[in-house]
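Scroll down for the structure; my scribbles are underneath it.
Computed over heavy atoms, backbone and side chain alike; hydrogens, waters and symmetry mates excluded. Each residue takes its place number in the sequence, starting with 1.
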Amino acid sequence: MLMEGIKHRAIQPYVYGKNENEIQIMLETSRDDMKTVELIFGDPYDFVEDKWQYHTLPLLKTGKSKIKDYWKLTLTPKHRRLRYGFRCIDQHNQVVIVTEKGYHTEITNNIQSYFCFPYLHKKDIFQAPEWVKETVWYQIFPERFANGDASTNPEHTLPWGSITPKQDSYFGGDFQGIINHLDYLQKLGITGIYLCPIFKAASNHKYDTIDYMEIDPQFGDKSTFRELVKQCHQRGIRVMLDAVFNHSGYYFEPFQDVLKNGEASPYKEWFHIWDFPVQTKPSPNYDCFGFVSNMPKLNTENPEVKNYLLEVARYWIEAFDIDGWRLDVANEVDHNFWRDFRSVVKSVKPDAYILGEVWHDALPWLEGDQFDAVMNYPFTTSVIDFFAKDKITTTQFANQITDLLHMYPEPVSEVAFNLLDSHDTARILTLANEDEERMRLIYVFLFSFIGTPCIYYGDEIGLSGGEEPDCRKCMEWDETKQDQQLFQFIQQLITMRKEIAAFGNLSTFRFLQINDQEKVIAYEKQKKQEKVIIVLNNDSKAKTIAVAALNGKRVKECFSGNEMTFGANATVKLAPFGFTCFQLH
């Protein structure tokens, strides 16, 4: 028995309140080491003649990765509190009792030895907006989506799509352009728009804010923005704005005051300035986003800065009824600021969505007191490495996805923001070597995975592009140049996600078969009594694969609608980079 492979602490994600009544518990063990795992549990005050009254229940193995097995159990303690441990039996029938104080050969009656979940408080439960779980997002880089009002064009605006964009190119994208194409987004099936920054700024990307309380005049005015939000809501589309609170722009008035007045400036504590006088060249003597001198880092621990930014967060919700905030460079802002930010946002609109940009393990931000979700870049990396670049094996991909699904509590995974690309990365079609068949395969996995999916504008009609600024091309509105078949395919996936409960979110996910040689994966999604089995071929050769889970099953193939019954030895035929989804009857 590999004792060093057994891992549990009485903290998230190993134990947490799943809702007001249920507690979920997870144990990690070394891969293939344990035959069974049982939970030993009871109320910490339940004694009869000095003997603790415990119970046992089996844990379910919910996944395996390269070195780990994951075991889970959800239970409903009558009095919302627990003492608990684990009884593990390995492949050689050796038994070990796992407690907080160590390992035993027999169940101990010493209550202090066991792990403790003191009380299930409603306030401590992770609670994200319910609407997010069913949302399909669409990210818009406003300068490049559509030019609907030439009167707001910046100086030197270029004809739409006339050149490959450069760092300083302007094409005149604006709010009216988005309004003009809301029917298009509704037709696709979009129910949430994520807008890159819209506030007054000096660049085309607007991540260098000049005034957080004003719309950039290139996009229109507040009246037009209010109309945009109103028309989105009329179509059942939510609107999320991008907040750049880690840093301001060079022309932000308080920073300009510091440049002018130095130590005498009342704003000198708004930034992290090392010494005076302030210098921007050859390198800044103040903290920045990276080492970019025109993006000075804000001191969010300063009460004046905090109050200003929290008022920004409040204002745009109260005045314009936006539905959420995406938080740029969120991991570089202090946790106390984000706790206060959440309190302000939720006090104004309790079901507003708070999404942080964190590219790594984000658990410290996802414990219910800060963010509702983060941009799921670990998902992005695994999907691109497997499907688009063929850099990892089927087994490596399955291991990474399994680890990811067990990295956070389940309610967190259900609202994760799953993306394939963005304004910060090369486009997915380019990453997939311009291979549309690979693209389709990737989108099948995206839309059938746990979480809330996002499409980067133009991907749905075959827009390509390398690293920025190439990934920020103008949207193609000439239908003769759009990939209409790809549009219709993604439209179908969105419809399947909405109409087939097990295909979409809030369902369990587990790999059924992983074949490195054939590059085929099969996985099962289940929601209550409904179940689908999805099989993907990540290879340029056609495959015929035996899928034991389909033996003797009557099914409907979801993409074609065809009904069929498999025999005792079910096989599935897959085209090169082919896929299929079977809904079991």
Do D340 and K306 meet the salt-bridge criterion of a basic N to acidic O distance under 4.0 Å? yes
Cation-aromatic face contact R81/F41, 6.0 Å, 45 degrees: no
Any donor-acceptor N or O pair under 3.5 Å, side chains Y207, D242: yes
Heavy-atom neighbours of Q234 CD exceed 12 at 6.0 Å: yes
Look up atom CG in D174 and atom CZ in F219, then write down how far apart they are to the nearest 0.5 Å. 8.5 Å
Can a donor-acceptor pair be found between the side chains of H585 and E563 at a distance below 3.5 Å? yes
So if I apply the ring pair (Phe, Tyr, Trp, His ring centres under 6.0 Å) rule between F445 and each of Y523, F579, F577, F511, which one comes out positive? Y523
State, without any angle test, whether Q492 and Q488 hold a side-chain donor-acceptor pair at a distance under 3.5 Å. no
Rounded distance (nearest 0.5 Å) linking atom CG of L446 with atom SG of C454: 8.5 Å
The side chain to side chain donor-acceptor pair (under 3.5 Å) partner of H423 among Q139, H205, R472 is Q139
Rounded to the nearest 0.5 Å, how far apart are CG of D421 and OH of Y457? 10.0 Å
Derivation of the ring pair (Phe, Tyr, Trp, His ring centres under 6.0 Å) call for Y315 and Y212: CA-CA 10 Å; Y315 171 73; Y212 290 86; over 10 Å; no
No-hydrogen, no-angle side-chain donor-acceptor test under 3.5 Å, N19 and E22: yes
Given side chains that start at C-beta, do those of V412 and E367 come closer than 4.5 Å, heavy atoms only? no
Sequence neighbours excluded, which residues qualify as side chain to side chain donor-acceptor pair (under 3.5 Å) partners of W137? T452
Please name the pair of heavy atoms, one in S413 and one in I450, separated by the smallest distance, quoted to 0.1 Å. O-CG2, 3.7 Å
Under a 3.5 Å distance rule, please check whether S507 uses its side chain to pair with a backbone N or O of G504 as donor and acceptor. yes
About how many Å separate CG of D385 and OG1 of T393, when rounded to the nearest 0.5 Å? 11.0 Å
Minimum heavy-atom separation for I215 to G220, with atom names? CG2-O, 3.6 Å
Below 4.0 angstrom, N of the basic side chain to O of the carboxylate: do D323 and K349 qualify? yes
Ignoring hydrogens and geometry, is there a side-chain-to-backbone donor-acceptor pair from Y70 to L60 under 3.5 Å? no
Can you confirm whether or not the ring centre of F447 sits under 6.0 Å from the ring centre of F503? no
Would R31 and D69 pass as an ion pair if we require N to O under 4.0 Å? no
Do F487 and Y184 have ring centroids that are under 6.0 Å from one another? yes
Closest non-hydrogen contact found for I354 with K346 is CD1-CE, 4.0 Å
Dump the intermediate steps for ring pair (Phe, Tyr, Trp, His ring centres under 6.0 Å) on Y443 and F489, then the final yes or no. CA-CA 9 Å; Y443 272 106; F489 178 70; 7.9 Å; no
Is a side-chain donor or acceptor of K389 paired with a backbone partner of L431 at a separation under 3.5 angstrom? no
Excluding sequence neighbours, so at least two apart, what forms side chain to side chain donor-acceptor pair (under 3.5 Å) with Y16? Q24
State whether a side-chain donor-acceptor pair under 3.5 Å links R326 with Y194. yes
Does a side-chain heavy-atom distance below 4.5 Å link V444 with F559? yes
Sidechain-backbone polar pair: T300 side chain, F337 backbone, donor-acceptor under 3.5 Å: no
Looking only at the side chains, is there a donor atom on one of Y84 and H8 sitting less than 3.5 Å from an acceptor on the other? yes
Please report the closest heavy-atom contact between W365 and A330, naming both atoms and the distance. NE1-O, 4.0 Å
Regarding R238 and D351, does a basic nitrogen lie under 4.0 Å from an acidic carboxylate oxygen? yes
With a 4.5 Å limit on heavy-atom distance, are the side chains of I23 and K18 in contact? no
Of all the heavy-atom pairs spanning T380 and L420, show the shortest one and how long it is. CG2-O, 3.5 Å
Whether the N21 and T76 side chains hold a donor-acceptor pair (N or O, under 3.5 Å, no angle test) is what I'd like checked. no
Is the number of heavy atoms from other residues, nucleotides or ligands under 6.0 Å of F289 CZ greater than 12? no
Closer than 4.0 angstrom, basic N to acidic O: yes or no for K68 and E28? yes
I'd like to know if the side chain of Q396 and the backbone of T394 have a donor-acceptor N/O pair within less than 3.5 Å. no
Calculate, to the nearest 0.5 Å, the distance between atoms SG and CD1 belonging to C581 and I533 respectively. 9.5 Å
Between T62 and K72: side-chain donor-acceptor atoms closer than 3.5 Å: no
Scanning both residues in full, the closest heavy-atom pair of D372 with A352 reads OD2-O, 3.3 Å
Are T580 and E557 close enough that a side-chain donor and a side-chain acceptor fall under 3.5 Å? yes
Contacts satisfying salt bridge (charged side-chain N to carboxylate O under 4.0 Å, His left out) that involve residues 492-515 (not counting sequence neighbours) are R510-E524
If you draw a 6.0 Å radius around NZ in K222, do more than 12 non-hydrogen atoms from other residues or ligands fall strictly inside? yes
Does F386 have K519 sitting over its ring (NZ/CZ under 6.0 Å from centre, angle to axis within 45°)? no
Using the ring centroid of each side chain, check whether Y456 and Y138 are separated by less than 6.0 Å. no
Spatial distance of atom CG (L355) from atom CG (L241) [nearest 0.5 Å]: 12.5 Å
Counting distance only, does the side-chain N/O of E357 pair as donor-acceptor with the main-chain N or O of L327 below 3.5 Å? no
Take the angle between the ring planes of W316 and F320 and call it parallel below 30°, perpendicular above 60°, tilted in between. parallel
With the threshold set at 4.0 Å, does a side-chain nitrogen-carboxylate oxygen contact exist between D183 and R235? yes
